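Please read the structure below before turning to the comments.
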Amino acid sequence: MKLSLIDNCNFGREVADWNSGTADTGLLDALHEHGMLLFRNVHGVSSNELAEMATAWFGSLEISGPGANRPADGGPVTVLGSTKDAEGRFNADYVPAATTGAPLLSPGGGWDSALEESLLDWIRHKQECAFMEWHTDATFRPWPTSYAALYCKQSGNSATGFASATLGLERLPGDLQAIANRAICSYRPSIIYGNAELGIPAISSRAVQLSAMQTGPHDLPSETHGTLEVPPHPDDPVVRHALVQTHPHTNRRSLRFSLKSLETLIPNWQEPEHHMPPTEGKRTAWQIMRLATAGAQAYLHQWREGDFIIWDERNSMHARVPYDAATESREMWRMVFEIDPADYKFNEEARQLNLTQAT
């Protein structure tokens with residue numbers, strides 16, 4: 001297999017001649033180095049066959065099977081998108097991307113009035129904006145995802161944003177880079193998903209997801225407009241991770257954080273009791289994300305049927321991009337892999353994940 005540059009992308013690589021039948025043990029190293037790999041024209045495969053191919057390409061990665069929304073053949077993938085059944089109801093795991101507020105991509109990357117207004121709308125009313133779609137997966141968990149992949153079964157004229165979290169850190173201005181290098185992110189999953197036991201409602205997009213999946217009655221209250229200005233419930237669980245982390249295989253440092261479940265920042269990991277006020281912490285994180293995902297370090301991938309993209313969560317970020325789900329049928333297969341054992345091992349020597357107990 002050969003690696004080539006991807007048009008308009010300065011970090012990921014396209015894997016050419018992937019169907020030559022030759023196993024390439026260097027693909028995992030390439031994934032660690034470049035953050036994202038693209039395989040084109042993977043047509044005519046079932047989800048089980050796709051899983052077998054991914055295992056052959058990345059032999060040391062173990063697929064983590066989802067509990068729901070598997071395809072008809074039962075392969076270890078989650079079906080995402082806007083496909084509908086005969087009655088016109090969504091029959092995939094569908095969460096709509098935010099369409100309002102600050103833009104997803106900005107060539108200049110500047111802090112502007114739209115971003116500030118969107119930040120305040122989020123804090124005061126829990127109104128999401130498109131910019132907030134940038135994230136790394138599962139940062140609200142004690143041990144976030146190490147690798148994930150998407151396969152395009154039906155494009156629906158949709159796209160996904162990707163960005164190099166390594167280049168994003170390198171290109172931050174000195175003051176924000178210094179803050180990022182010392183900061184701890186404090187996450188509360190209930191900001192997104194709610195907490196039924198404590199009566200904390202989920203944000204509206206998650207209520208749409210629950211309805212779209214036809215999962216039946218659920219005990220998560222939902223709301224269209226809430227607020228993040230009130231003090232958090234003292235019994236609501238918190239998860240903490242370093243904002244900048246060292247990759248256990250390359251030793252390169254990268255940004256690794258998300259905005260929606262972020263409660264605030266702790267400016268210095270050596271003083272964990274000193275939190276930024278929530279609005280200030282979120283504003284600083286938003287500034288970092290905006291500059292890290294602007295310009296050449298961001299790439300907008302327009303999906304084609306048969307595209308398979310795998311990315312390393314530790315040195316890349318991605319974003320959902322709005323599309324016309326009402327008229328376009330999109331079907332994506334999402335594949336998640338078991339946490340890399342190197343994350344656990346590295347953390348024993350240099351704490352950067354699951355810092356809640358330590359702090």
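Bear in mind the structure is a predicted one, so any value in this text is a computation, not a measurement.
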Strictly distance-based, threshold 3.5 Å: is any side-chain N or O of [X] a donor or acceptor partner for the main-chain N or O of [Y]?
{"X": "Arg334", "Y": "Val77", "value": "no"}
{"X": "Asn157", "Y": "Tyr323", "value": "no"}
{"X": "His34", "Y": "Met36", "value": "no"}
{"X": "Glu331", "Y": "Ser82", "value": "no"}
{"X": "Gln302", "Y": "Ser158", "value": "yes"}

**Study point:** Point-to-point distance, once rounded to the nearest 0.5 Å, from CZ of Arg13 to CG of Leu27
**Key:** 13.5 Å

Point to revise | Glu263-Ser186 side chain donor-acceptor pair, cut-off 3.5 Å | key: yes

Point to revise | Check: Arg330/Gln154 side-chain N/O donor and acceptor closer than 3.5 Å | key: no

Mind checking whether [X] and [Y] have ring centres under 6.0 Å apart?
{"X": "Trp286", "Y": "Phe131", "answer": "yes"}
{"X": "Phe140", "Y": "Tyr193", "answer": "yes"}
{"X": "Trp311", "Y": "Tyr147", "answer": "no"}

Practice item. Kindly give the cluster partners of Ile339, where membership spreads through any ILVMFWY side chain lying under 4.5 Å from a current member. Key: Trp143, Tyr344, Leu353

**Study point:** N-O pairing of Asp121 and Lys126 below 4.0 Å
**Key:** no

Review point. Looking at Lys260 and Ile191, what are the two nearest heavy atoms and their distance?
Key: O-CG2, 3.0 Å

Review point. So which heavy atom on Gly281 is nearest to which on Met276, and how close?
Key: CA-SD, 3.5 Å

Exercise for review: Could you tell me which residues satisfy ring pair (Phe, Tyr, Trp, His ring centres under 6.0 Å) with Phe11, sequence neighbours excluded, listed by chain and number?
Suggested key: none

